[in-house]
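Presented below is the structure to which this report refers.
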Amino acid sequence: MIVALIRTGLIELKRDRVALGLTFVLPILFFSIFAIVFGQTGSDGASRVNVIVVDEDGSDASRRLIDALAAEPAIRLRTRTDADGNEQPWTQDEARAGVEDGDVPVAIILPEGFGSTVGRFFGDVAPIDLLIDTADPIAGRLVGGLLQKTAFTALPDLMVDQGLSAFEEHGGPMTPAQRLAAGALKRFLTTGGGPIGEGNDSGSASDDGFEFGGPITVNTIDVHQSDERKKNPAVSYYAAGTGVMFLLFSAAGAGGSLLDEQDNGTLERVLTSRISMTGLLLSKWILIAGIGAIQVTLMFVWGQLLFGLPLTAHIPGFVAMTIATALSASAFGLVLAAACRSRAQLSGASTIIILIMSAIGGSMFPRFMMPEVMQKAGLLTFNGWSLDGYRKVFWNDASLVELWPQLSVLTILTIVLFLVARLLAGKWEAA
Amino acid sequence: MTEVLRITDLSRSFGETEALRGVNFAVGKGEWIGLLGPNGAGKTTCVRAIAGRVRPDAGVIRLFDTDVTQAGEAAAAARSRLGVVPQDIALYPTLTASENLQTFGALNGLSTSEARERAEWALEWTGLDGRRRDRVKTFSGGMKRRLNIACGVLHRPELILLDEPTVGVDPQSRERIWEMLGQLRDEGASLMLTTHQLDEAQRVCDRIVIIDHGCVIADGTLRSLIAETVGSDRRVIVTLDEPVGEGAFGATVRLNGTALEVTTEQVAADLPMVLEQVAGLGRRVEDVRIVEPSLQAVFLHLTGRELRE
């Protein structure tokens, strides 16, 4: 008897392709996506941080540092050219605006006098300003660390010169033996190898107890620091991420009412009344979008009440994004429902598709922290565009006009999805 | 009689299967017809074609003198005078009776106030007035069935397509349903009934259309169909207290234990003769039954006894 029941269960599983997919394919698919997202497979696929560098110094040292930064695989320097193809330098204001608007997460300002003071550990120095957008907390820290590293690797001679100069200025002249040791160290740093005591009778630097620690001076400036509306960027991000993901789930579930009505004969009855299939789909689309918009709004209101999410300060952008997102999600739900033949099939398909879209699109994990290829893939998803829009609203204070790329894509997506749903729903029309 | 529906040479195939092969019949104003046939005969396809849910390959459906096979406003207007009551309980289970009625009223073109007014009528008509605020999912099968019918006739259709209105309900609900439909008949509604309950069709229909293998194989009143098929002879069955021996009666009388059976067109003349013979044999009559030819006999005669899948 037990064997008979096991056999029956296996036959049922084998014949239910959705269940089979959920059991065996979905876990592997998810593992692969998360391995790509979190594992950063391959250096080419790793995330690169876009950075604007403003060179106000124009010195050899600043140019060497910029070249070294450009060579860093984790950084992509944002450049621009004029009509003749000549590179145009950025100004400090442009760099700040770029970070404030969310075009880049980080900007580096190399101030006038940077080259003449770099490497001084104390005294008068011209500090580098690192403008950061804390909406991307990783980028600022990454670039800050790389700045220290590149300064040491690209400007070792200047670091030693300036360091010793400062030392002599405050501590008195060095002895001949000390100068010899410093020269050896400088040669070592500039040539990049060889024993430090080579040609130096006084022994190795370590023997003499030299310490070469200490960073270049960097002022990290949060461009939104003074804005009370941006106390906690993560809250608005996760409200949007979670809200959009669950909006998709509820839209798919609500779209499934078509399948319920198909099963209990209500759909047939409704279609024998005066309403057309297009009218029926429109009514479902508006209803699901309305419910979805309320769902997302409740999420954000809750976020404001409990977690200080600045909803009331961003009403126009929020309303625009929420309406566009809900209309699009509603059309997506109708497509899924019209494409499936049963509730069970819809449930399986929507779970697979929505979880994958949410993972790639950034609902579960910020896209800016993903490998570059995944960031681009995220733009193929509904979630990617929607979350970008919410991020611009809540973090970059984007106006309605500035939301045009996201609103346009979501609107086009809505139209296309509705047309696809209408096409697929033809199966319910007069045969 | 003015016709509300005329179907001419209606054909429809699904792949290799010819569901309808030149179907012809009509429904007159105020007439009730039964559209009968074995499973897979083409009844459902025919009803769905009339309701606009199946496009015919060929033929014409004239509804209220409008060809509804041609799409357009005229066809839509004609179909708005049609009421469709499906066999399935096609209701919204989480809505109340009143809400369901108002929804289907609105879908069939009634204004909000009209829908509300007609819903009141329907609640009384169906005997569901006391359950108006209850969700349909809490209703019994008979209550759902009555509400299902009401939702199809709220907009006062002149022709009602009624598919198996009493399937799965108890005798009390069945009687109530036929009472309800009787009121519609009194108001002059035409009705096309699709059913396997042949006794009900026999009881309520003015005319019977039998369809099989996609063709109409019989169309007429019950009396005419009986006459044309199994004949109008009635069976007289007399049950005795004891069996009688072979040869006690003539060849026209069949013996089966204590029962003797005579098939005759002249019951009034033949029955007294049989009873006289029984008395002459010293037997006592315990029961007499006169069985008239039924629609079932006609149906089986025309469509055969083999199972249809």
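Side chains are part of it too, since the values below use all heavy atoms of this structure and drop only hydrogens, waters and symmetry mates. Residue numbering restarts at 1 for every chain, and letters A, B, ... go by the order of the sequence lines.
- Atom CZ of A/Phe246 has 12 or fewer heavy atoms from other residues, nucleotides or ligands within 6.0 Å.
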(request) Before giving the answer on side chain to side chain contact (heavy atoms under 4.5 Å, CB included), spell out for B/Phe104 and A/Val270 the whole-Å C-alpha distance, their side-chain angles and the decisive distance to 0.1 Å. (result) CA-CA 8 Å; B/Phe104 284 107; A/Val270 167; 4.2 Å; yes
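- Annotation: side-chain hydrogen bond (donor to acceptor under 3.5 Å, both in side chains) contacts involving residues 50-64 of chain B, sequence neighbours excluded, comprise A/Glu268-B/Arg53.
- Nearest approach of A/Gly265 to B/Ala90, heavy atoms of both residues: O-CB, 3.4 Å.
- Counting heavy-atom neighbours within 6.0 Å of B/Gln183 CD, excluding the residue itself, gives a total above 12.
- Within the 4.5 angstrom heavy-atom criterion, no atom of B/Arg79 approaches chain A.
- Taking CG of B/Leu107 as the reference point, atom CZ of A/Arg274 lies at 10.5 Å (rounded to 0.5 Å).
- Of the listed residues B/Leu82, B/Val54, B/Thr103, the one with more heavy-atom pairs under 4.5 angstrom with chain A than any other is B/Val54.
- Note: B/Ile89 CD1 to A/Thr266 OG1 = 10.0 Å, rounded to the nearest 0.5 Å.
- Surrounding CH2 of B/Trp121 are more than 12 heavy atoms belonging to other residues, nucleotides or ligands, all under 6.0 Å away.
- At a threshold of 4.5 Å between non-hydrogen side-chain atoms, the residues A/Asn264 and B/Pro93 count as touching.
- Partners of B/Glu124 by salt bridge (charged side-chain N to carboxylate O under 4.0 Å, His left out), not counting sequence neighbours: none found.
- Residue contact with chain A, scored on non-hydrogen atoms closer than 4.5 Å, is absent for B/Ala76.
- Residue B/Arg185 qualifies as enclosed at atom CZ: its count of foreign heavy atoms under 6.0 Å is above 12.
- B/Asn148 places a side-chain heavy atom less than 4.5 Å from the side chain of A/Arg269.
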